[in-house]
Amino acid sequence: MKAIEIKHLQKQFSPDQWALKDVDLSVETGKVFGFLGPNGAGKTTTVKILSGILKATQGEVSVLGFDPAREPVKVHAASGVLTEHAEMYDHLSAIDNLIFFGEVFGLSQAESRKRGEALLDTLDLTAAAAQKLKTFSTGMRQRLSLARTLIHQPKVLFLDEPTSGLDPESGKSVNQLLNRLAKEEGITIFLCTHQLRYAQEICTDYGLLDQGKLLAAGTLAELRKKVSTQTTVRIEAAKMPQIAGMTLLGFDSFEIPVTTREDVPRLVKQLVAGGALIYHVEIHEPSLEEIYFKFVDAQKEAPDE
Ligand SMILES: Nc1ncnc2c1ncn2[C@@H]1O[C@H](COP(=O)(O)OP(=O)(O)OP(=O)(O)O)[C@@H](O)[C@H]1O
Ligand SMILES: [Mg+2]
């Protein structure tokens, strides 16, 4: 089942400014979808439309089958939104903030407390539970915002740069939590980020957005097929014979394009037969970062419509 559907989505903020230009996209239930793109690409605008904060200029969107513009209450009940500037109360403690937002979503005070305490524990904030929010560091605040987003057990999570202010350790524990939510509880996660390495760690599917246009979408394997960036073998060897397509990377270090993994043993045999003394062989597949730049650079070179 599709948790999120976006059809021909357009958003115009002023006569000559289109933030989204005909975006088509869908996300299956239980996926961790990475929505990637440079500053100003239109990621936050998309999340705001999906969560009913902004209205689309044209096109249709649905979240768990509901249109956020027409049925915002249903969409809010089933989803959690963590935006760049999550609102919470500075003069309330961490746990009181969570209880407050739990009650806003219709949970009882006891339920809100129980769930709030469990979330504080998962996000390593138990020691700060009674501390007022105003004393929190940026990273603590960001983790508490995530707890607030999860208080009513949403089925779809919209996260806008959820780990931008976190240290590596906290980032890791947030990743583990998001992975668990997707894998064990079947929650769908729509995650906006421009941290590509981070995205590659936790996302199952990706959409690449630039200047309001969706450049590509799919799994990493699908995106790899779409770009011409090739799988290569990197070899450290002395006495290398000449091979077609080979490039020199550095002293005694070479790169040779291949089509599949099966080409590797054949290639190694050929090199040894040709007299090479091989010290190291490594298959290199294009990373999300390399794929991303291929698409974004191609877009820059494309003539404007
Ligand atoms: N309320 C608004 N009024 C006018 N223009 C806006 C508004 N919100 C966003 N924009 C414009 O729409 C475009 C997309 O902005 P958006 O915030 O969606 O980008 P983003 O991909 O989230 O970028 P970032 O990575 O910097 O967060 C930008 O050109 C921005 O200036
Ligand atoms: Mg943004």
Side-chain angles (χ1 to χ4, degrees), residues 4-27 32-63 68-69 72 75 79-88 138-139 141-143 145-146 148-149 156-166 171 174-175 178 188-203 205-218 223 288-289 291-300 302 304-305:
I4 298 168
E5 276 199 280
I6 301 178
K7 286 186 188 153
H8 302 299
L9 180 63
Q10 310 212 23
K11 178 70 191 176
Q12 188 178 25
F13 281 112
S14 61
D16 56 351
Q17 193 202 14
W18 290 90
L20 295 170
K21 301 168 190 161
D22 206 18
V23 174
D24 270 302
L25 189 66
S26 62
V27 182
V32 182
F33 182 83
F35 203 34
L36 316 173
N39 293 138
K43 306 180 294 294
T44 301
T45 303
T46 307
V47 165
K48 284 183 176 167
I49 293 171
L50 288 170
S51 54
I53 299 168
L54 274 180
K55 275 214 166 82
T57 307
Q58 263 179 50
E60 285 166 36
V61 301
S62 77
V63 176
V75 172
S79 59
V81 190
L82 176 62
T83 55
E84 291 154 323
H85 312 284
E87 294 296 327
M88 284 187 296
T138 310
R141 198 177 268 267
Q142 206 165 6
R143 278 179 282 151
S145 304
L146 183 61
R148 192 210 76 172
T149 311
V156 177
L157 263 187
F158 295 106
L159 305 174
D160 208 348
E161 295 288 354
T163 57
S164 58
L166 300 185
V174 167
N175 279 358
L178 297 180
T188 310
I189 302 177
F190 189 95
L191 187 154
C192 302
T193 186
H194 27 67
Q195 299 176 57
L196 303 172
R197 293 214 186 107
Y198 164 66
Q200 198 176 341
E201 269 173 35
I202 77 158
C203 297
D205 293 73
Y206 305 90
L208 309 187
L209 190 75
D210 188 23
Q211 296 175 40
K213 279 195 218 157
L214 189 74
L215 305 182
L223 293 177
L288 182 62
E289 198 164 339
I291 292 169
Y292 172 91
F293 283 114
K294 274 267 171 187
F295 277 109
V296 172
D297 291 346
Q299 160 80 1
K300 270 190 206 135
D304 272 352
E305 299 133 43

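When a ligand or atom number is given, it counts from 1 through the structure's own listing order.
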Report summary line: Candidates T46, D210, N39; heavy atom nearest atom 26 (O) of ligand 1 found on N39

Query - Identity and separation of the nearest protein heavy atom to atom 25 (O) of ligand 1 - result: K43 NZ, 2.8 Å

Report summary line: Residue, atom and distance of the protein heavy atom nearest atom 29 (O) of ligand 1 read Q17 NE2, 3.2 Å

**Report entry** Heteroatom proximity flag, G40 to ligand 1, N/O under 3.5 Å
**Finding:** yes

Query raised in the report: Does A19 reach ligand 1 with a nitrogen or oxygen that is under 3.5 Å from one of the ligand's nitrogen or oxygen atoms?
Result: no

**Report entry** Within-shell test, G37 vs ligand 1, heavy atom, strictly < 4.0 Å
**Finding:** no

Query - 2.8 Å cut-off met by an N, O or S atom of N39 to the Mg ion (ligand 2) - result: no

Query - Under 4.0 Å to a heavy atom of A41 - the qualifying atoms of ligand 1, by number - result: 19 (O), 20 (P), 21 (O)

Report task. Tell me, please: is K11 in heavy-atom contact with ligand 1, that is, under 4.0 Å? Result -> no

Query raised in the report: What residue and atom, counting heavy atoms only, is the protein's closest point to atom 10 (N) of ligand 1, and at what distance?
Result: F13 CE1, 3.3 Å

Report task. Take the angle between the ring planes of F33 and F190 and call it parallel below 30°, perpendicular above 60°, tilted in between. Result -> parallel

Report summary line: A student comparing L20, T44, T193 should find that the heavy atom closest to atom 17 (O) of ligand 1 comes from T44

Query - atom 27 (O) of ligand 1: nearest protein contact (heavy atom, Å) - result: E84 OE2, 3.1 Å

Query raised in the report: Between G37 and H194, what is the shortest heavy-atom contact and its length?
Result: O-CB, 3.7 Å

Query raised in the report: Between Q12 (side chain) and P15 (backbone), is there a donor-acceptor pair under 3.5 Å?
Result: yes

Query raised in the report: What are the two closest heavy atoms between Q200 and Y206, and how far apart are they?
Result: CA-OH, 3.4 Å

Query raised in the report: D210 and Q299: which non-hydrogen atoms are nearest, and at how many Å?
Result: OD2-CG, 3.4 Å

Requested in this report: Using modelled atom types only, decide if a donor and an acceptor are shared between the side chain of K11 and the backbone of T46 within a distance under 3.5 Å.
Outcome: no

**Report entry** atom 16 (P) of ligand 1: the protein heavy-atom neighbour that sits closest, reported with distance to 0.1 Å
**Finding:** T45 OG1, 3.6 Å

Query raised in the report: Nearest heavy-atom pair of L82 and S145: which atoms, and what distance?
Result: CD1-CB, 3.2 Å

Requested in this report: Grab the two heavy atoms, one from L215 and one from F295, that are nearest each other, plus how far apart they are.
Outcome: CD1-O, 3.7 Å

Requested in this report: Compare every heavy atom of V63 with every heavy atom of L50, then report the nearest pair and how far apart it is.
Outcome: O-CG2, 3.5 Å

Requested in this report: Please work out whether any backbone atom (N, CA, C, O) or any side-chain heavy atom from C-beta onward of H194 is under 4.0 Å from ligand 1, and answer side chain, backbone, both or neither.
Outcome: side chain

